[in-house]
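Numbering of residues begins at 1 and proceeds along the displayed sequence. Reckoned from all heavy atoms, side chains included, excluding hydrogens, waters and symmetry mates.
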Amino acid sequence: QVQLVESGGGSVQAGGSLRLSCAASGYTFSSYFMGWLRQAPGKEREGVAAISTSGSTTNYADSVKGRFTISKDNAKNILYLQMNSLKPEDTAMYYCAAGRFVGLSRWSQPAEYDYWGQGTQVTVSS
C-alpha cells in the first residue's frame with residue numbers, strides 16, 4: 001500500500017536549519033506531484049512548497065520563499081525540504097503529500113493531494 005514517511009523534524013532555535021525527508025513507497029513516485037504542507041495549532045493546514053513530477057518546477061508559499069528549498073530524488077523515492085533561517089512562526093506539524101493531478105494554481109490546497117504522511121513536528125524557539 002501507499003506509504004509516506006516523514007523524518008527530520010525537531011526543535012531548533014530561530015535562525016537554525018532543518019532538513020525534512022519523506023520516503024515514499026507503494027506507488028510510482030515519479031508520476032505524482034509532491035508537496036509539503038504544515039499545520040500549526042488552531043490553524044488550517046497550508047501549503048509550504050511543492051514540486052512537479054520531474055522536479056523542474058517548484059512552488060513556494062510567500063512566507064518561506066528564499067528560506068526553504070524543496071527537492072526530490074526520483075531514483076530513491078525521497079522528497080526533501082531544506083529549511084533555513086527558521087522562525088518561530090514556522091512551528092507546525094509538517095506533512096508530506098502526493099497528488100496524481102494537482103492544478104498548478106492549486107498546489108497549496110490540501111484537497112488536491114491523494115496521499116499523506118503522518119507528519120513530523122518542527123518547533124522553532126525564539
Side-chain angles (χ1 to χ4, degrees):
Q1 76 268 24
V2 173
Q3 280 196 312
L4 296 173
V5 181
E6 301 98 332
S7 61
S11 297
V12 296
Q13 290 194 327
S17 297
L18 285 173
R19 187 174 84 153
L20 306 183
S21 298
C22 172
S25 61
Y27 71 104
T28 306
F29 180 75
S30 59
S31 296
Y32 277 68
F33 196 91
M34 298 298 296
W36 286 99
L37 298 92
R38 68 186 180 186
Q39 188 166 20
K43 294 189 177 181
E44 292 187 352
R45 195 168 296 190
E46 63 176 3
V48 175
I51 190 166
S52 63
T53 54
S54 66
S56 61
T57 302
T58 55
N59 302 86
Y60 296 93
D62 287 343
S63 59
V64 307
K65 279 180 182 176
R67 300 188 297 121
F68 290 11
T69 302
I70 189 171
S71 61
K72 63 185 308 197
D73 186 330
N74 280 342
K76 296 182 178 179
N77 290 359
I78 300 178
L79 178 72
Y80 301 100
L81 185 68
Q82 178 66 43
M83 305 187 295
N84 298 328
S85 302
L86 282 161
K87 304 177 181 180
E89 51 264 43
D90 294 319
T91 295
M93 184 72 78
Y94 282 71
Y95 297 92
C96 164
R100 186 67 179 90
F101 301 106
V102 176
L104 288 179
S105 64
R106 297 182 56 80
W107 68 268
S108 63
Q109 302 301 310
E112 292 290 299
Y113 296 88
D114 305 307
Y115 304 120
W116 292 83
Q118 82 290 347
T120 186
Q121 178 68 37
V122 172
T123 303
V124 185
S125 58
S126 58

Checklist outcome for this item: Rounded to the nearest 0.5 Å, the CD atom of Glu89 sits from the OG atom of Ser126 at a distance of 10.0 Å
Next on the checklist: Using the rule that Ile, Leu, Val, Met, Phe, Trp and Tyr join whenever any side-chain heavy atoms are under 4.5 Å apart, tell me whether Tyr60 and Tyr113 fall into a single cluster.
Outcome noted: no
Item to check | Donor-acceptor under 3.5 Å (Arg100 side chain, Ser31 main chain) | outcome: yes
Item to check | Side chain Thr91, main chain Val124, donor-acceptor under 3.5 Å | outcome: yes
Checklist entry - How many angstroms lie between NZ in Lys65 and CG in Asn59, if you round to the nearest 0.5 Å? => result 8.5 Å
Next on the checklist: Could you walk me through whether Arg38 and Leu81 satisfy the side-chain contact (heavy atoms from CB on, under 4.5 Å) test, starting with their C-alpha distance in whole Å, then the side-chain angles of each, then the deciding distance to 0.1 Å, before giving a yes or no?
Outcome noted: CA-CA 12 Å; Arg38 68 186 180 186; Leu81 185 68; over 6 Å; no
Checklist entry - So, for Leu4 and Gln118, which heavy atoms are closest and what is the spacing to 0.1 Å? => result O-OE1, 3.4 Å
Item to check | Nearest atoms (heavy-atom pairs only) where Asp73 meets Tyr80 | outcome: CB-CE1, 4.3 Å
Checklist entry - Which atom names give the shortest non-hydrogen contact between Trp36 and Glu6, and what distance separates them? => result CZ3-CG, 3.8 Å
Checklist entry - Same hydrophobic cluster for Met93 and Met83, using side-chain heavy-atom links shorter than 4.5 Å among ILVMFWY? => result no
Checklist entry - Between Tyr95 and Phe29, is there a shared hydrophobic cluster once you connect ILVMFWY residues whose side-chain heavy atoms come closer than 4.5 Å? => result no
Checklist entry - What is the ring orientation for Tyr94 with Phe68, classed by angle as parallel under 30°, tilted 30 to 60°, or perpendicular over 60°? => result tilted
Side chains of residues 7-24: which donor-acceptor partners sit under 3.5 Å, not counting sequence neighbours?
residue	atom	partner	partner atom	Å
Ser17	OG	Asn84	OD1	2.9

Checklist entry - Any chain of hydrophobic side-chain contacts (each under 4.5 Å) joining Leu37 to Trp107? => result yes
Item to check | Shortest non-hydrogen contact from Leu104 toward Phe33 | outcome: CD2-CE1, 4.1 Å
Next on the checklist: So which atom in Tyr32 and which in Lys72 form the shortest heavy-atom distance, rounded to 0.1 Å?
Outcome noted: O-NZ, 3.8 Å
Checklist entry - In terms of side-chain geometry, is the basic nitrogen of Lys87 or Asp90 positioned less than 4.0 Å from the acidic oxygen of its partner? => result no
Checklist entry - When rounded to the nearest 0.5 angstrom, what distance separates CD1 in Ile51 from OG1 in Thr57? => result 8.5 Å
Checklist entry - If every non-hydrogen atom of Leu79 is compared with every non-hydrogen atom of Cys96, which pair is closest and at what distance? => result CD2-SG, 3.9 Å
Checklist entry - Nearest 0.5 Å, what's the CD-CD distance between Glu44 and Gln39? => result 8.5 Å
Checklist entry - Under 3.5 Å, is there a donor-acceptor pair between the side chain of Glu112 and the main chain of Gly103? => result yes
Checklist entry - Hey, quick one: are Met34 and Val2 part of the same hydrophobic cluster, counting side-chain heavy atoms closer than 4.5 Å, chains of contacts allowed? => result yes
